[in-house]
Amino acid sequence: MKNTLKNMIDFESLTRVRNSVNAEIFLPEKNNLVSLIPLEYFGHSVKVLIDGKIFVAEFDEKIPLKAELVAFIVEKSPVTLSLNLTQLLSKNKNYLLEQICEKLKIPNTDRNKDLLVKIIQEEKPIIKSKFLQLEIITQKIKTKDLELSLLINLIWKYSEKDIPLIVDLYENLFSISFSSTCKYLFNSIKNLILNQEDVYLLNEVNANLIYDTKRENTIALQNKSEILFNLIKYLNDGDYSSKEVDEFIKFSSIYILQKSVFKDYDYYPDFVVIKRGNGFSFIKYNFKKLYLSNGMPSYKLEFEHGEIPAKIKGFLRNNFLIGSIDIENYENNLLLKEIDELKNDINKRWQINMELNITEDQIYSAEKSFQKNGINKLVS
């Protein structure tokens with residue numbers, strides 16, 4: 001979101017029924033949270049309650065009327081509020097979560113705090129009604145990681161009447177996580193190569209779905225949806241029937257549909273099948289496109305190698321990746337050597353420099369440096 005809220009008339013003239021004075025004295029000090037409730041739109045303006053006191057404001061885009069939000073006081077003179085709590089989360093996570101629970105009057109449980117963290121990381125405004133919907137749905141639907149991120153985006157975009165459709169989507173298309181879909185599809189591609197004799201099919205799979213380190217066929221690194229669709233059509237038209245073919249068609253179809261949903265919310269998850277010698281390895285990754293206030297492109301990245309027990313998380317901008325590596329065993333010198341080779345390989349093939357030996361808190365600092373002007377900022 002990129003809301004801006006500007007005070008249009010002073011508090012005193014709006015509340016003549018009371019002997020009011022300067023509105024600022026009714027607001028908490030800088031670095032505190034406030035509740036924010038839009039009451040009524042008229043023209044480009046809106047009447048809002050900030051901690052129970054009335055203001056008239058101007059918004060660049062609308063937020064739901066009567067919805068209770070949490071905002072953070074960045075400055076008090078002039079009053080500057082932010083709906084984006086990402087950077088604040090990294091500074092004092094526990095205190096922030098406790099304050100949100102207190103402001104919204106929701107139970108201060110570990111589960112609720114985990115959901116709040118995920119919402120903040122998705123850079124969504126903390127809207128009480130949306131949070132309660134998420135809390136109810138996640139009791140029925142057990143989801144995490146990328147699917148939970150998508151669920152938050154769906155709930156924040158659509159109204160309460162659309163909740164049954166969202167639940168149906170998760171009970172059907174996303175009953176299998178995208179991560180599992182990729183692993184099943186990876187295995188079905190390998191089985192197809194080992195058990196099929198159709199020359200055209202084998203050539204298409206090898207040329208378009210498998211990255212050969214000797215040939216460096218980069219088409220295998222691109223979006224596979226169109227390639228998979230054409231292969232499904234070829235197999236159906238040829239009336240092929242085998243366990244390997246059926247599994248390939250099934251998981252290819254799920255992959256295509258799941259990818260189409262993720263794309264609508266700027267998520268670009270995928271995997272790469274890599275051939276080295278006579279063996280195959282599996283790399284899974286996800287890009288989240290970020291819209292920064294200065295217009296420069298940036299991407300939130302998660303990267304996981306099937307044969308290395310480590311996960312890379314970070315932010316990519318201008319061919320520079322900054323982030324952290326989660327490693328199961330830091331004492332394993334062989335593992336560290338594998339990671340160094342991976343970093344060198346990525347730098348050589350795609351000219352991406354990587355700085356990955358930093359902490360999670362520093363990742364938020366890196367994100368802050370990418371977003372100097374901030375996003376989701378409100379100014380009153």
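Residues take their numbers from the sequence shown, with the count starting at 1.
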Novice: Could you walk me through whether Val245 and Gln196 pass the side-chain contact (heavy atoms from CB on, under 4.5 Å) check?
Specialist: CA-CA 9 Å; Val245 168; Gln196 280 293 323; 3.5 Å; yes

Novice: Let me see the working for Tyr267 and Leu146 under side-chain contact (heavy atoms from CB on, under 4.5 Å), right down to the final yes or no.
Specialist: CA-CA 9 Å; Tyr267 286 101; Leu146 186 57; 3.5 Å; yes

Novice: Would you say Asn112's side chain and Asn108's backbone share a donor-acceptor pair under 3.5 angstrom?
Specialist: no

Novice: How long is the straight-line distance from CG of Asp264 back to NZ of Lys259, given to the nearest 0.5 Å?
Specialist: 12.0 Å

Novice: How many angstroms lie between CD1 in Ile254 and CG in Leu173, if you round to the nearest 0.5 Å?
Specialist: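 Result: 7.5 Å between the selected atoms.
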
Novice: Kindly check if the number of other-residue, nucleotide or ligand heavy atoms within 6.0 Å of OH (Tyr285) is above 12?
Specialist: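 Atom OH in Tyr285 is packed in, count exceeds 12.
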
Novice: State yes or no: do Leu150 and Tyr158 share one hydrophobic cluster built from I, L, V, M, F, W and Y residues joined by side-chain heavy-atom distances below 4.5 Å, directly or via other members?
Specialist: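 Yes, one cluster joins them.
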
Novice: With a cut-off of 6.0 Å (strictly less than), are more than 12 heavy atoms of other residues, nucleotides or ligands near NZ of Lys275?
Specialist: no

Novice: Run through Phe248, Phe178, Phe186 and flag the one making a ring-ring contact (aromatic ring centres under 6.0 Å, His included) with Tyr255.
Specialist: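 Exactly one option meets the ring-ring contact (aromatic ring centres under 6.0 Å, His included) with Tyr255, and it is Phe178.
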
Novice: Applying side chain to side chain donor-acceptor pair (under 3.5 Å) to Ser188 and Asn191, what does each step give before you reach the verdict?
Specialist: CA-CA 5 Å; Ser188 70; Asn191 291 334; over 6 Å; no

Novice: Go through Ser149 and Glu122 one step at a time and tell me if the side chain to side chain donor-acceptor pair (under 3.5 Å) criterion holds.
Specialist: CA-CA 7 Å; Ser149 296; Glu122 287 301 308; 2.9 Å; yes

Novice: Measuring from Phe229:CZ to Ile256:CD1, what's the distance to the nearest 0.5 Å?
Specialist: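 Nearest 0.5 Å value for the CZ-CD1 distance: 7.0 Å.
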
Novice: How about NZ on Lys142, more than 12 heavy atoms from neighbouring residues, nucleotides or ligands closer than 6.0 Å, or not?
Specialist: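 It does: Lys142 NZ has more than 12 such atoms within range.
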
Novice: Between Lys140 and Glu171 (salt bridge meaning N to carboxylate O under 4.0 Å), is one present in this structure?
Specialist: yes

Novice: Is any side-chain heavy atom of Tyr170 closer than 4.5 Å to one of Ile137?
Specialist: no

Novice: Please name the pair of heavy atoms, one in Lys47 and one in Ile54, separated by the smallest distance, quoted to 0.1 Å.
Specialist: CG-CG2, 3.6 Å

Novice: Could you walk me through whether Phe262 and Glu147 satisfy the side-chain contact (heavy atoms from CB on, under 4.5 Å) test, starting with their C-alpha distance in whole Å, then the side-chain angles of each, then the deciding distance to 0.1 Å, before giving a yes or no?
Specialist: CA-CA 9 Å; Phe262 283 123; Glu147 284 68 34; 3.7 Å; yes

Novice: Where do Leu148 and Thr143 come nearest, in terms of heavy atoms and distance?
Specialist: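 Looks like N-OG1, 3.5 Å.
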
Novice: About how many Å separate CG of Asn84 and CD of Glu123, when rounded to the nearest 0.5 Å?
Specialist: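 Interatomic distance, Glu123 CD to Asn84 CG, rounded to 0.5 Å: 5.0 Å.
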
Novice: A side-chain contact here means heavy atoms from C-beta on lying under 4.5 Å apart; do Leu228 and Leu209 qualify?
Specialist: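 In contact.
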
Novice: Does a sphere of radius 6.0 Å around NZ in Lys93 hold more than 12 heavy atoms from other residues, nucleotides or ligands, not counting ones at 6.0 Å or beyond?
Specialist: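 It does not: Lys93 NZ has 12 such atoms or fewer within range.
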
Novice: Decide if atom CD of Glu98 counts as having more than 12 heavy atoms of other residues, nucleotides or ligands within a radius under 6.0 Å.
Specialist: yes

Novice: Which atom pair, heavy atoms only, marks the closest approach of Lys288 to Tyr265?
Specialist: NZ-O, 2.9 Å

Novice: Decide, yes or no, whether a salt bridge links Asp246 with Lys250 under the criterion of side-chain N to carboxylate O below 4.0 Å.
Specialist: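 Salt bridge absent between Asp246 and Lys250.
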
Novice: Would a distance-only check, ignoring hydrogens and angles, find a side-chain to backbone donor-acceptor pair under 3.5 Å from Thr138 to Leu134?
Specialist: yes

Novice: Between Arg111 and Glu135, does a salt bridge (charged side-chain N to carboxylate O under 4.0 Å, His left out) hold up when you go through it step by step?
Specialist: CA-CA 9 Å; Arg111 182 173 180 274; Glu135 197 272 336; 2.9 Å; yes

Novice: Is Ser253 close to Ile232 at the side-chain level, that is, under 4.5 Å between some pair of heavy atoms?
Specialist: yes

Novice: Tell me whether the count of non-hydrogen atoms from other residues, nucleotides or ligands lying under 6.0 Å of OH in Tyr234 goes above 12.
Specialist: yes

Novice: Determine whether Cys182 and Phe282 make a side-chain contact, defined as any pair of heavy atoms from C-beta on separated by less than 4.5 Å.
Specialist: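 They are in contact (side-chain heavy atoms under 4.5 Å apart), so the answer is yes.
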
Novice: Report the distance from atom CG of Leu151 to atom CD of Gln133, rounding to the nearest 0.5 Å.
Specialist: 10.0 Å

Novice: Check whether any side-chain heavy atom of Leu69 sits under 4.5 Å from a side-chain heavy atom of Ile126, and report yes or no.
Specialist: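 The answer is no; the side chains never approach within 4.5 Å.
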
Novice: Would you say Leu132 and Ile155 are hydrophobically clustered, going by side-chain heavy atoms of ILVMFWY under 4.5 Å?
Specialist: yes

Novice: So, taking the atom named CZ in Phe131 and the one named CD1 in Ile106, what distance separates them when rounded to the nearest 0.5 Å?
Specialist: 4.0 Å

Novice: So, for Pro125 and Ile119, which heavy atoms are closest and what is the spacing to 0.1 Å?
Specialist: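 Looks like O-CG2, 4.3 Å.
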
Novice: Any link between Leu235 and Tyr200 through a network of hydrophobic side chains (Ile, Leu, Val, Met, Phe, Trp, Tyr) touching at under 4.5 Å?
Specialist: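 Yes, one cluster joins them.
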
Novice: Does a side-chain heavy-atom distance below 4.5 Å link Thr86 with Gln121?
Specialist: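 Result no, sub-4.5 Å side-chain heavy-atom pair not found.
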
Novice: Within the supplied structure, the quantity of interest is the number of heavy atoms (other residues, nucleotides, ligands) at a distance under 6.0 Å from Lys183 NZ; does it exceed 12?
Specialist: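 No, the 6.0 Å shell around NZ holds no more than 12 heavy atoms from other groups.
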
Novice: Is the backbone N or O of Leu201 less than 3.5 Å from a side-chain atom of Asp198, with the two atoms forming a donor-acceptor pair by type?
Specialist: yes

Novice: So do Val70 and Leu36 actually touch side chain to side chain, heavy atoms under 4.5 Å?
Specialist: no

Novice: Indicate yes or no: does Asp270 engage Lys224 in a salt bridge with an N to O separation below 4.0 Å.
Specialist: yes

Novice: What about Ile136 and Leu116, same hydrophobic cluster or not, with Ile/Leu/Val/Met/Phe/Trp/Tyr joined at side-chain heavy-atom distances under 4.5 Å?
Specialist: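 Cluster IDs for Ile136 and Leu116 differ.
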
Novice: Check whether more than 12 heavy atoms from other residues, nucleotides or ligands sit under 6.0 Å from atom CG of Asp110, and answer yes or no.
Specialist: no

Novice: Within the distance-only criterion (no hydrogens, no angle test), does the side chain of Asn172 pair as donor or acceptor with the backbone N or O of Leu169 below 3.5 angstrom?
Specialist: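 Not confirmed, Asn172 side chain does not pair with Leu169 backbone.
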
Novice: Please give me the minimum heavy-atom distance between Cys101 and Pro107, naming the atom from each residue.
Specialist: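 Nearest pair, atom of Cys101 first, then Pro107: SG-O, 4.0 Å.
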
Novice: Please find the pair of heavy atoms, one from Val48 and one from Pro38, that lie closest to each other, and give the distance.
Specialist: CG1-CA, 3.7 Å

Novice: Identify whether the distance between the nearest side-chain nitrogen and carboxylate oxygen of Asp51 and Lys103 falls below 4.0 Å.
Specialist: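 Yes, Asp51 and Lys103 are salt-bridged.
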
Novice: Is there a path from Leu104 to Tyr95 through hydrophobic residues (I, L, V, M, F, W, Y) whose side chains come within less than 4.5 Å of each other?
Specialist: no

Novice: Could you go step by step and tell me if Phe280 and Ile193 meet the side-chain contact (heavy atoms from CB on, under 4.5 Å) rule?
Specialist: CA-CA 11 Å; Phe280 299 93; Ile193 292 174; 4.2 Å; yes

